[in-house]
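Below, read A as the first sequence line, B as the second, and so on, with proteins coming before strands; counting in each chain starts at 1. All figures in this text were calculated on a predicted structure; none of them were measured in a lab.
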Number of protein chains: 2
Amino acid sequence: MSRVKSEPGPVPRPTRDRLITATVEQFRLGGYHGTGIKSILTAAPAPYGSLYHFFPGGKEELAAAAIHTSGQAYRDLVDLSFPPGADPVEATRSFFDGAAEVLAGTDWIDGCPLARVALETAQDSEPLRQAALEAFESWLDVLTVRLDEVGVSAESARVLAVQLFCLIEGAFLLARVARDREALSDAGDGAAELVAAALAARPKKISSSI
Amino acid sequence: MSRVKSEPGPVPRPTRDRLITATVEQFRLGGYHGTGIKSILTAAPAPYGSLYHFFPGGKEELAAAAIHTSGQAYRDLVDLSFPPGADPVEATRSFFDGAAEVLAGTDWIDGCPLARVALETAQDSEPLRQAALEAFESWLDVLTVRLDEVGVSAESARVLAVQLFCLIEGAFLLARVARDREALSDAGDGAAELVAAALAARPKKISSSI
DNA sequence: GTCTATAGAAGGATAGAC
DNA sequence: GTCTATCCTTCTATAGAC
């Protein structure tokens, strides 16, 4: 009986995962410099010893893991928001609308999960700059592939993906500071317009009306 | 002789101004949480007493003044970059190109002077959020007026101004993290495209060709 | 692997002389 | 207005028992 897992129950999340999750959550509210290690350990919860056991590099190494995790989660969101076969103009509009809904519904907190930390650390920590860059590039890759699939040429797809990224990130910034959806609404209009223009310019297979 | 200013020489900048200037400079490198009061006092230079004499509200009040000053400086830059009478498409392209030049020439530091501090403080300090918002709005106002002057309708001018803001801010973020001009180049293309489209749709006075 | 205690530095703010 | 000394908190990191 002693070695048997009677009543399996929920598997407790390992300490390492709890630390990363807690860091993601704390960064969401306080960013890198605004988040203390103690608050992460309290939120995990985990003791000091575990942190430096799993992350010998301390706060910086833990932050890199948190950035990686946040980046993957948001990449998955982008992936789901631009499903293969969907109308890219509609998907773009929906993405900006959904982002506005989430942001407004979280007291203007949940915009880009990485922008703040990236701006805080890009100059001072090469590992963290690389982690953020890898995350951003993964989002751009998803977008580029999806746009390519609907007929936008390879080079144009990448350019368009970068433009959509810039529009959403800038809109997150302004919307958070203004506590207003206007920026996301206007940026969404611009994004949809750019996508539509790229589609209109694509090498026609059946060609559009007019 | 004692009361006469013989050899006027350069007027020493008052302590209050030096504090603000030093804060602007330190925020440029370390942001709000990454900048200590002591480093500001060292850079000014100024003693503790002067800081709390001119800014009884401490770091927060000093930061508000620094945000205001940075905001005015960048508004002036936008103002100069979109001179009345100039082709707005050309001005837009030049602005993004110039921004890329400055950013690359400062080791990817001098992008938006407020984005990082704004993201750091918008949630936690209402005075600082307001200061950043006021600065952003002043930039948008300049752009809106300029676009209106070339015939873009009032509502469209504001929307377009917001779109240009989002594109440049998002591009600053990505370019700083990637240490690459691509984002500013692509965003500049998108911005020029949106401006051109708005001009083509404007209530014609002489009407374009075709 | 987990935990506590503490070191050592840096943070913002204040007191009080001048 | 200017200056220095100092308080108290918070920060990251480490030591060493278990």
Taken to the nearest whole Å, OH/A/Y52 to P/D/dT14 is 7 Å
A/Q26 atom CD is separated from D/dC11 atom P, nearest whole Å, by 11 Å
Whole-Å distance, B/L41 CG to C/dG11 P, equals 11 Å
Checklist line | NZ or CZ of B/K59 within 45° of B/Y32 ring axis and under 6.0 Å | finding: yes
*B/R146 bridged to B/D79 by N-O distance under 4.0 Å*: yes
Atom CG of B/L51 and atom P of C/dA15 are separated, to the nearest Å, by 15 Å
Review point. Closer than 4.0 Å, any side-chain N/O of A/Y48 to the OP1 or OP2 of C/dC3?
Key: no
In whole angstroms, the gap separating P of C/dT4 from CD1 of A/I37 amounts to 16 Å
**OP:** Please work out if B/S39 contacts a base, only the sugar-phosphate, or nothing of the nucleic acid, heavy-atom cut-off 4.0 Å.
**Re:** nothing
Atom NE2 of A/H53 and atom C1' of D/dA17 are separated, to the nearest Å, by 17 Å
Students often mix this up, so state it plainly: with edges at 30° and 60°, are the rings of B/F165 and B/F136 parallel, tilted or perpendicular?
perpendicular
When rounded to whole Å, the CG to P distance for the pair B/L19 and D/dG1 reads 12 Å
Practice prompt. Considering only NZ, NE, NH1 and NH2 on the basic side and carboxylate oxygens on the acidic side, decide whether B/R129 and B/D124 come within less than 4.0 Å.
Written response: no
d(B/L147 CG, B/L199 CG) to nearest 0.5 Å is 8.0 Å
(Q) Does D/dT2 have OP1 or OP2 under 4.0 Å away from a side-chain N or O of B/S50? (A) yes
Of D/dA13, D/dG1, C/dT2, the nucleotide closest to the side chain of A/K59 is D/dA13
Under 4.0 Å between a side-chain N/O of A/T15 and OP1 or OP2 of C/dT2, yes or no? yes
B/K38 NZ to C/dT14 P, in whole Å, measures 15 Å
Heavy-atom nearest nucleotide on DNA chain D taken for A/G49 and for A/H33; more 5' hit belongs to A/H33
